[in-house]
Amino acid sequence: NNTATCDGYPQNGLDCYAWNKTTGRGSFAWTWNPCCTDGMVIGALPLTGFRFNVFYIKATAQLSKFRFASYVAQNNSIVYVTLDAPSVVQHGISLR
């Protein structure tokens, strides 16, 4: 198997982040607590020539949005894109 997986997670509140550097494939699974926000950073990504797809196997109804950030080096700022959670959960995300 040439993929890194988090099959069977989250378990007992434990999160999982798995990445295979050779294949460039991985998965993640974590549990959100009602009190708190959560997130992760994927990077640094090259400026061109990359693609990643995110698909949600299971998502909680309490999620209302997904927010993605991109660093802009020219003016040392961050640009955000906010997406509707039901659409993201249903269709996934492909970033290029």
Side-chain angles (χ1 to χ4, degrees):
N1 184 344
N2 289 328
T3 62
T5 66
C6 288
D7 291 343
Y9 277 86
Q11 297 177 13
N12 301 321
L14 298 175
D15 298 337
C16 173
Y17 303 89
W19 185 256
N20 183 314
K21 290 181 183 180
T22 304
T23 63
R25 293 179 178 264
S27 63
F28 57 90
W30 71 83
T31 303
W32 279 279
N33 291 319
C35 69
C36 315
T37 60
D38 207 343
M40 66 181 215
V41 174
I42 300 173
L45 298 172
L47 295 176
T48 62
F50 77 92
R51 181 183 88 186
F52 70 88
N53 300 307
V54 178
F55 298 99
Y56 295 86
I57 306 302
K58 180 181 174 185
T60 180
Q62 287 84 9
L63 292 176
S64 61
K65 64 184 174 181
F66 288 87
R67 194 169 187 202
F68 294 87
S70 182
Y71 174 68
V72 181
Q74 293 84 355
N75 60 6
N76 195 33
S77 67
I78 297 174
V79 175
Y80 293 96
V81 174
T82 302
L83 302 174
D84 179 61
S87 180
V88 170
V89 170
Q90 182 178 0
H91 302 291
I93 302 165
S94 181
L95 298 172
R96 298 176 185 204

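Quick caveat: nothing in here was measured; it's all calculated off a predicted structure.
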Taking it one step at a time, do V79 and Y71 satisfy side-chain contact (heavy atoms from CB on, under 4.5 Å)? CA-CA 6 Å; V79 175; Y71 174 68; over 6 Å; no

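- Scanning for side-chain contact (heavy atoms from CB on, under 4.5 Å) contacts around S70 gives an empty result, with sequence neighbours left out.
- Distance check, rounded to the nearest 0.5 Å: CZ of F66 to CG of D84 gives 9.5 Å.
- With sequence neighbours excluded, the residues forming a side-chain contact (heavy atoms from CB on, under 4.5 Å) with N75 are V72, S77, listed by chain and number.
- Connection of Y80 to L83 is not established within any shared hydrophobic cluster, with ILVMFWY side chains joined at heavy-atom distances below 4.5 Å, either directly or through further cluster members.
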